[in-house]
Amino acid sequence: LFCDSRRATSTVWNCRVSASRCSAMDVTFVATSPTLTQALSSRSTRQASSAPSYQSHKQRWHGAVALGVAAATARRRSRATCKAVAAASRPALGDLMVKPVDSKELISKSRPAHWVIRTTDVKANLRFFTRIFGMKVLRHEEFEKPCAITCNGEFDTPWSKTMIGYGPEDESFCLELTYNYGVDNYEVGTGLTHVAVAVENPEEALEAAASMGYAVDGDVISGPDSYKFRVLKQEADQAEHFRYVALRVQDLEAAVRFYCDACGMTEMDLVDIPNHPMFANDNTKVVGYANGVPLVLFKDEAAVKIGQWEGRHAIAVPGQALRAIYKRMLDGKSGGSILHHIREFNELPALRRMRGLPPMTCSPPPEVQLKNLRQNPVKPPEDQKEGTLAVAIIKDADGYEICLVSSETYDQAVRLAYKPDAKIDWEWRGEAMAGRRSPTPDFMVACI
């Protein structure tokens, strides 16, 4: 576990359930916790008091036996400390830097930002989305350690993300292609049925997909890694190309209740969604935010199987409203659950230092940004209007993952990180995929 009592007065480290992941924490948090401080201080005391004994054992034991016993002891200590830190890292609502505001009007300003999908072949995905749908790369970033809040799923491996879509992330919906090094397949689920995308010439897109060897069934294309995409006609008055995301649910009413009551979405008219064999008036509901990409929830005879393949839905929510949604989740009446408790943080400086990388090229420098946010998290300086970054990872009534991120901060961050048609060093990636990973080229280092 990468933390000690000296850090505990200013930092809370997120702790995963998996003990193996506890040694790779890479996010620093603003919140503090007396319980955490006590837990970490106790751990440091135990380590100090046991040091002579450990050294004497180390001198007497040799070979595999010594390594095995030491590893087992380390695992037991790590697991115990991990549990203590996890229990202590849950922030109290009264300790949040920005207080919740439960306002229907404020929550209604939320917008779906992107959907995360898993990929085993980035190149194949880029060919698929650029040639068939006319999308472009918005940014590409490499990460040397697994994400502490499971952005890359439940995988202890270096990973990358490639944002792909039609325009800047702070203005339009997009897809996040997550690649986990060393993972060559994902178990396909039955929950995420398809994503609907509108293009100027659907027939041309379908023909292109068929010519590239992808299966086409009506207006639906089976793309890389078994994800399906429905091709629709882009109308002249539509700015957004993504039309909806279709999810299979177990209990339709419970699913609608979660999104409307907990997340502040509204139920929409099904007639606005183009006809599809899966959808019917008695088994389908549409929920969403005004002017955002909606969710089409439906129930049929098929079993609902949700796993890592389903990815994660990211929603940008006004900071105060995000905390109000989190409070609703804590009340335990929403039907959903909390996967990772809310965090108010700026992760950039610590991530860079832990990875041994130089300071960010982003402006303003992370250290300056962090200092100014601490001084006044609600009303930061004019040049840093994004405020304090807040993130909470929750699950809906069926188990679909949702990342709630404060829109003021997120929109500014992705605007700074926007790299249309970003360069990707394929030779470097090839070496990394072969197990010969070298330091990440600066232009592919994560900016957010």
Side-chain angles (χ1 to χ4, degrees), residues 91 93-115 167-174 237-240 242-245 247 253-273 285-297 313-336 338 341-344 373 376-380 382 384-397 400 402-415:
L93 287 174
D95 293 335
L96 295 179
M97 295 177 69
V98 178
K99 305 307 177 186
V101 173
D102 200 333
S103 163
K104 183 177 180 180
E105 180 182 359
L106 187 61
I107 293 179
S108 68
K109 296 180 180 179
S110 305
R111 68 171 184 87
H114 60 260
W115 196 286
E169 295 174 60
D170 58 315
E171 299 176 3
S172 56
F173 193 81
C174 64
D237 60 345
Q238 291 178 332
E240 178 60 71
F242 289 89
R243 293 295 303 278
Y244 66 82
V245 178
L247 303 176
E253 295 305 318
V256 172
R257 188 164 54 251
F258 170 85
Y259 283 105
C260 292
D261 295 350
C263 297
M265 294 185 182
T266 58
E267 191 171 342
M268 301 177 173
D269 200 327
L270 182 59
V271 298
D272 296 330
I273 301 298
K285 298 286 186 180
V286 182
V287 296
Y289 300 105
N291 302 318
V293 178
L295 298 176
V296 177
L297 311 173
H313 188 193
I315 304 176
V317 185
Q320 293 178 312
L322 185 156
R323 291 157 175 86
I325 293 176
Y326 177 72
K327 184 177 183 298
R328 294 177 182 180
M329 298 298 298
L330 285 179
D331 291 341
K333 300 177 181 178
S334 66
I338 297 175
H341 285 282
I342 192 169
R343 285 110 181 162
E344 296 176 305
L373 294 181
N376 192 333
V378 180
K379 294 183 179 180
E382 283 300 313
Q384 297 179 46
K385 296 181 179 180
E386 62 271 23
T388 299
L389 176 64
V391 176
I393 312 299
I394 63 176
K395 288 187 177 183
D396 73 1
Y400 292 102
I402 304 169
C403 171
L404 302 175
V405 59
S406 53
S407 56
E408 302 92 341
T409 315
Y410 178 78
D411 289 350
Q412 174 72 359
V414 296
R415 193 177 301 123

List the steps and the verdict of side chain to side chain contact (heavy atoms under 4.5 Å, CB included) for Tyr410 and Val391. CA-CA 10 Å; Tyr410 178 78; Val391 176; over 6 Å; no
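- Taken to the nearest 0.5 Å, the CD1 atom of Ile342 stands 8.5 Å off from the CG atom of Leu404.
- For Ser406 (side chain) and Glu408 (main-chain N/O), no donor-acceptor pair under 3.5 Å exists by modelled atom type.
- By the 4.5 Å heavy-atom criterion applied to side chains, Leu270 and Lys285 are not counted as neighbours.
- Residues Leu106 and Gln320 are in side-chain contact: their nearest non-hydrogen atoms beyond the backbone lie under 4.5 Å apart.
- Scanning for salt bridge (Lys or Arg N to Asp or Glu O under 4.0 Å) contacts around Lys109 gives an empty result, with sequence neighbours left out.
- Looking at heavy atoms from C-beta onward, Ile325 lies in side-chain contact with Val317 at the 4.5 angstrom threshold.
- Two residues are said to be in side-chain contact when any heavy atoms from C-beta on lie closer than 4.5 Å; Ile338 and Leu330 meet this criterion.
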Side chain to side chain contact (heavy atoms under 4.5 Å, CB included) between Met265 and Tyr289, worked out: CA-CA 5 Å; Met265 294 185 182; Tyr289 300 105; 3.6 Å; yes
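- Under the side chain to side chain contact (heavy atoms under 4.5 Å, CB included) criterion, Thr266 pairs with Met268, not counting sequence neighbours.
- Asn291 CG: 12 or fewer foreign heavy atoms inside a 6.0 Å radius.
- With sequence neighbours left out, the side chain to side chain donor-acceptor pair (under 3.5 Å) criterion links Tyr244 to His194, Arg230.
- Judged as a side chain to side chain contact (heavy atoms under 4.5 Å, CB included), and not counting sequence neighbours, the contacts of Ser172 are Glu240.
- Contact of the Tyr400 side chain with the Ile394 side chain is not registered, since no non-hydrogen atoms from C-beta on lie closer than 4.5 Å.
- Residues passing the salt bridge (Lys or Arg N to Asp or Glu O under 4.0 Å) test with Arg257: none are found, sequence neighbours excluded.
- For Glu253, there are no salt bridge (Lys or Arg N to Asp or Glu O under 4.0 Å) partners two or more places apart in sequence or in a different chain.
- For Asp269, the side chain to side chain contact (heavy atoms under 4.5 Å, CB included) partners at least two apart in sequence or on another chain are Val271, Asp272.
- Judged as a side chain to side chain contact (heavy atoms under 4.5 Å, CB included), and not counting sequence neighbours, the contacts of Ala314 are Ala113, His114, Cys403.
- Minimum interatomic distance between Asp170 and Asp411 (heavy atoms only, all atoms of both residues): CB-O, 3.7 Å.
- Expressed to the nearest 0.5 Å, how far CZ of Phe242 lies from CH2 of Trp115 amounts to 12.5 Å.
- Using a 4.5 Å heavy-atom cutoff, the side chains of Tyr326 and His341 are in contact.
- Here the NE2-SG distance, from His313 to Cys263, works out to 9.5 Å after rounding to the nearest 0.5 Å.
- Checked against side chain to side chain donor-acceptor pair (under 3.5 Å), Asp102 has the following partners two or more places apart in sequence or in another chain: Arg328.
- Residue Ala324 comes nearest to Val101 through the heavy atom pair CB-O, 3.6 Å, listed as atom of the first residue, atom of the second, then distance.
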